[in-house]
Colleague: 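Starting off with a structure, shown below.
Source: prediction; values computed, not measured. Computation of the quantities below employed the complete heavy-atom set of this structure, encompassing side-chain atoms and omitting hydrogens, waters and symmetry-equivalent molecules. Counting from 1, the numbers follow the sequence of the chain as shown.
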Amino acid sequence: MDKNVIELVVFETKEDVAEEQFIQLFHKLNTALQSNISGFVKRSLTKDTAQNRWVEMIWWASMEAAQGALEKLPQVTEFQEYCSALAD
């Protein structure tokens, strides 16, 4: 039986980033991950409106795939754009 690795990330976006804009960035990065990052399975994004935080779950085929993505993602334009919307 194959076991995926699930990465859970909780974050806030910058105040000047509209929700619709951020969702577009999410989908744009999703397309880039599907095309360019080996071992990527899927992602989900949810907003915790009570605390104004986002929760993202990312499924990887293996821990090796998740770690390999860490090396490649900083060079992916869509990842840079996505990260630029995140609060410090």
Colleague: Roughly how far, to the nearest 0.5 Å, is the CD atom of Glu64 from the OG atom of Ser38?
Modeller: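 So the OG of Ser38 and the CD of Glu64 are separated by 11.0 Å.
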Colleague: Taking only Lys NZ, Arg NE, NH1 and NH2, and the carboxylate oxygens of Asp or Glu, determine whether Arg53 and Glu12 approach each other closer than 4.0 Å.
Modeller: yes
Colleague: Got a second to check how far Lys47's NZ is from Ile23's CD1, nearest 0.5 Å?
Modeller: 8.0 Å
Colleague: Passes side chain to side chain contact (heavy atoms under 4.5 Å, CB included), Leu29 versus Arg43? Steps please.
Modeller: CA-CA 10 Å; Leu29 177 55; Arg43 298 164 70 208; 3.7 Å; yes
Colleague: Linking I/L/V/M/F/W/Y whenever any side-chain heavy atoms sit under 4.5 Å apart, do Val9 and Phe79 land together?
Modeller: yes
Colleague: Apply side chain to side chain contact (heavy atoms under 4.5 Å, CB included) to residues Ile58 and Ile6 and explain how you reach the verdict.
Modeller: CA-CA 6 Å; Ile58 308 144; Ile6 300 174; over 6 Å; no
Colleague: Can Leu8 be reached from Met63 by stepping across I, L, V, M, F, W or Y side chains whose heavy atoms are under 4.5 Å apart?
Modeller: no
Colleague: Which heavy atom in Leu25 sits nearest to a heavy atom in Ala85, and how many Å separate them?
Modeller: CD1-CB, 3.9 Å
Colleague: Surrounding CD of Glu15 (heavy atoms of other residues, nucleotides or ligands, distance under 6.0 Å), is the total greater than 12?
Modeller: no
Colleague: Determine, stepwise, if the pair Gln21 / Phe26 fulfils side chain to side chain contact (heavy atoms under 4.5 Å, CB included).
Modeller: CA-CA 9 Å; Gln21 176 188 4; Phe26 173 83; over 6 Å; no
Colleague: When clusters are formed by joining ILVMFWY residues with side-chain heavy atoms under 4.5 Å apart, either directly or through shared neighbours, do Phe40 and Leu70 land in the same one?
Modeller: no
Colleague: Between Pro74 and Gln80, which heavy-atom pair has the shortest distance, and what is it?
Modeller: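 Minimum heavy-atom separation between Pro74 and Gln80: O-NE2, 2.7 Å.
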Colleague: Restricting to non-hydrogen atoms, name the atom on Gly39 and the atom on Ala65 that form the minimum distance, rounded to 0.1 Å.
Modeller: CA-CB, 3.6 Å
Colleague: For the hydrophobic clusters of this structure (ILVMFWY residues joined by side-chain heavy atoms under 4.5 Å, transitively), does one cluster hold both Leu73 and Val41?
Modeller: no
Colleague: Can you hop from Tyr82 to Met57 via hydrophobic side chains spaced under 4.5 Å?
Modeller: no
Colleague: Counting only N and O atoms by type, is there a donor-acceptor contact under 3.5 Å from the side chain of Lys42 to the main-chain atoms of Asn30?
Modeller: no
Colleague: Would you say the side chains of Glu7 and Trp60 form a donor-acceptor pair under 3.5 Å?
Modeller: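 The answer is yes; a qualifying pair exists.
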Colleague: Could you go step by step and tell me if Leu86 and Val17 meet the side chain to side chain contact (heavy atoms under 4.5 Å, CB included) rule?
Modeller: CA-CA 9 Å; Leu86 305 182; Val17 176; over 6 Å; no
Colleague: Please round to the nearest 0.5 Å and tell me the distance separating atom OG1 of Thr46 and atom CH2 of Trp54.
Modeller: 9.0 Å
Colleague: I want to know whether Phe22 and Phe11 have ring centres closer than 6.0 Å.
Modeller: yes
Colleague: So, for Ala61 and Asn4, which heavy atoms are closest and what is the spacing to 0.1 Å?
Modeller: CA-OD1, 3.9 Å
Colleague: Between Val5 and Ser62, what is the shortest heavy-atom contact and its length?
Modeller: CG2-C, 3.5 Å
Colleague: What's the separation between atom NZ in Lys28 and atom OG1 in Thr77, rounded to the nearest 0.5 Å?
Modeller: 8.0 Å
